[in-house]
There are 2 protein chains.
Amino acid sequence: MPSLTDQIETFIAQHQLAPGERLPPERALASTLGVSRSRLREAIQQLISRGIIVSRRGGGNFVADGSADLALEQALRPLQPLAQAEGGYWHDIMEIRKSLETDAAYYAALRANDDDRQRLTKALAAVCAGAADPAAQSRADAAFHMAIAEASHNLVLAQVISGLFDLLKISITESLGKLHKLPDTVDALNDQHQKIVDAILAGRAEDARRAAADHLTFVESSLRRIEDDAARARRAGALRSTHSQEGILP
Amino acid sequence: MPSLTDQIETFIAQHQLAPGERLPPERALASTLGVSRSRLREAIQQLISRGIIVSRRGGGNFVADGSADLALEQALRPLQPLAQAEGGYWHDIMEIRKSLETDAAYYAALRANDDDRQRLTKALAAVCAGAADPAAQSRADAAFHMAIAEASHNLVLAQVISGLFDLLKISITESLGKLHKLPDTVDALNDQHQKIVDAILAGRAEDARRAAADHLTFVESSLRRIEDDAARARRAGALRSTHSQEGILP
DNA sequence: CCTCAAAATTCGGTAGGACCAATTTTGAAG
DNA sequence: CTTCAAAATTGGTCCTACCGAATTTTGAGG
């Protein structure tokens, strides 16, 4: 007994409704799904609040453009309780990322097509160029890793990694003001990113996996050092200004 | 002008409603907010989907106590439509399982405590004992693998694997009638399960990882063979009765 | 024919009533 | 005071009706 929202999402999937396309009128859709318009509307409201559907009064209901940053911003709102939880989950998340993203790099090296390679190089350039805004830099990092995940041509893998990024962003925005920027980190990260892309573009799957593993191990240890420093600073009671910047999701 | 959902949240704040406390009945609340119950309910549905409110049929609406589990569940929500999509994604899912579950076995070997070991041996016994009902056997298999995931003491990992099982269950029930039971499969699976548990209980992390990898590779190849057979049977146009049974989630 | 504004239709937004099923409360019997 | 069935409460669903915005159709004027 799938929920009505799931039924609607299934309807969208089965009818190949691309973002921007219109759903059937509520009265008709309610009829085809065998429910009343009241109930259908309650379900649609949920999908609207999730950013899956946008509604235009008098016009119709449409599949939302998933590209909007707003959708992402909204996706991480309900995760706030997790961010406030003791310690956070980033240790757990990093462990999983090491599993999933190394495999993503591996499969990307095996399966990437020309489109994927083009997107990958573009994303790499964007993340290396850097951005003044830390949030923008984080987005660029996430986009880079998502490009790898999508190049793996494993939809479920891409979805899971995307979900993990949503979780990570929370802890980032939460502790952004408390993090230190480590010296030489940016250069090291760019170098690691480059190595991953090189291996993928060359189709060297095992190299890609190893490069991704090295990268994530480095990120994890850096984050751990940052956390330790923060803890030490808290213990010392010292409150000096911190210049936290990009590199959180590298 | 604030949205109705905001008005409701304001109402909760102004009336000092702590998590677990009850909101006024919908009819009364709609009256005090000056809207119809239809509209109020649509707003409440949004708050429910955000995890801010929980509803008990016949009981009332209550302020939810925001838990981390809910946040995780919502982060992985976009996976649901994939499960019901045409063709199924079990290839993709198996790839991810190979990533995640090998790591789960690895970490379980490192971190399992006495409770975990006890649950693990019990789950192993249950899955080896077998069950007449295929659905029950699938549940036992899933429980076994979840026990490993929980023993890894990585909450996010356990949650993701649990979500993947939900996905798999759907594709199983979808194609249950079309699958063949392969000879000698059950014995092989039990043997593999035993090897995994042995390694975990002994704390041999790398062995556990390898055993899990072997197991999942075997499962994937078996499933692939089943799929190929089914395709061949379809091509031949032969419609003989198929005895699909357990072993789908082993 | 074409243009374009008015009219008709479509469609989401809201209101209100009715009934069902699960829960909670009530109150009479023991 | 306890027990337990009846009654009131409450969320879940369906229905009908109407409004206003957006879209489509119409048809008069060029």
Side-chain angles (χ1 to χ4, degrees), chain A residues 1-12 15-66 68 70-71 74 78, chain B residues 1-12 14-67 70 73-74 77 80:
Chain A
M1 48 265 72
S3 75
L4 187 51
T5 55
D6 290 337
Q7 287 186 49
I8 297 174
E9 292 181 295
T10 302
F11 182 94
I12 293 175
H15 291 68
Q16 309 262 331
L17 294 185
E21 284 194 84
R22 221 193 71 175
L23 279 84
E26 292 181 351
R27 293 165 176 84
L29 185 56
S31 174
T32 63
L33 294 182
V35 298
S36 70
R37 190 155 86 105
S38 314
R39 194 156 125 69
L40 176 72
R41 274 186 59 79
E42 289 180 0
I44 287 181
Q45 290 304 317
Q46 291 187 28
L47 295 179
I48 289 177
S49 77
R50 277 190 231 156
I52 295 173
I53 285 180
V54 291
S55 185
R56 281 167 49 193
R57 181 191 182 99
N61 294 318
F62 301 80
V63 180
D65 301 332
L70 242 66
Q74 202 163 23
Chain B
M1 92 199 72
S3 73
L4 187 51
T5 56
D6 290 337
Q7 286 186 51
I8 297 174
E9 290 183 290
T10 303
F11 182 94
I12 293 175
Q14 285 180 342
H15 290 70
Q16 310 259 339
L17 294 185
E21 284 194 83
R22 221 194 70 175
L23 282 98
E26 292 180 350
R27 294 165 177 84
L29 186 56
S31 175
T32 64
L33 295 181
V35 297
S36 69
R37 188 157 88 106
S38 314
R39 192 156 128 67
L40 176 72
R41 275 186 57 80
E42 288 180 0
I44 288 182
Q45 290 303 317
Q46 290 187 30
L47 296 178
I48 289 176
S49 78
R50 281 191 227 162
I52 297 173
I53 286 180
V54 290
S55 186
R56 280 170 48 195
R57 180 192 183 99
N61 295 317
F62 301 80
V63 180
D65 42 15
S67 75
L70 181 65
E73 186 184 329
Q74 297 208 344
R77 185 146 196 87
Q80 301 282 4

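Note that this is a predicted model, so its numbers are computed, not measured. Letters A, B, ... are given to chains in the order of the sequence lines, protein chains preceding strands, and every chain is numbered from 1.
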Report task. Send over the distance from A:R39 CZ to D:dG11 C1', rounded to a whole Å. Result -> 13 Å
**Report entry** Atom pair OG/CD of B:S38 and B:E26 - distance to nearest 0.5 Å
**Finding:** 10.0 Å
Report summary line: The residue among A:R41, A:Q46, A:R39 that forms side-chain hydrogen bond (donor to acceptor under 3.5 Å, both in side chains) with B:Q45 is A:Q46
For nucleotides 24-26 of chain C, tabulate all protein N/O to nucleotide N/O atom pairs closer than 3.5 Å, reporting atom names and distance.
from	atom 1	to	atom 2	distance (Å)
C:dT24	OP1	B:R56	NH2	2.3

Requested in this report: Give the rounded distance in Å between these two atoms: CG of A:N61 and C1' of C:dG13.
Outcome: 11 Å
**Report entry** Rounded distance (nearest 0.5 Å) linking atom CG of A:L40 with atom CG of A:L47
**Finding:** 9.0 Å
Requested in this report: Could you check how far CD of B:E26 sits from P of C:dA18, rounded to whole Å?
Outcome: 18 Å
Report summary line: Rounded to whole Å, the CZ-P distance (A:R37 to C:dT14) equals 11 Å
Query raised in the report: Can you tell me how far the CG atom of B:N61 sits from the CG atom of B:L17, to the nearest 0.5 Å?
Result: 11.5 Å
Query raised in the report: Hey, is the side chain of B:S38 pairing donor to acceptor with the base of C:dG16 inside 3.5 Å?
Result: yes
Report task. Among D:dG12, D:dC14, C:dG12, find the nucleotide with the atom closest to the side chain of B:Q45. Result -> D:dG12
Query - CD1-CD1 distance between A:I44 and A:I48, expressed to the nearest 0.5 angstrom - result: 6.5 Å
Query raised in the report: To the nearest Å, how far apart are A:E42 CD and D:dT13 C1'?
Result: 8 Å
Query raised in the report: In whole angstroms, how far is the C1' atom of D:dC19 from the CZ atom of A:R27?
Result: 11 Å
Report task. Please report, rounded to the nearest Å, how far the C1' atom of C:dT14 is from the CG atom of A:L40. Result -> 16 Å
Query raised in the report: Between B:R41 (CZ) and D:dT10 (C1'), how many Å, whole number?
Result: 10 Å
**Report entry** Approximate separation, where rounding is to 0.5 Å, of A:L29 CG and A:R37 CZ
**Finding:** 11.5 Å
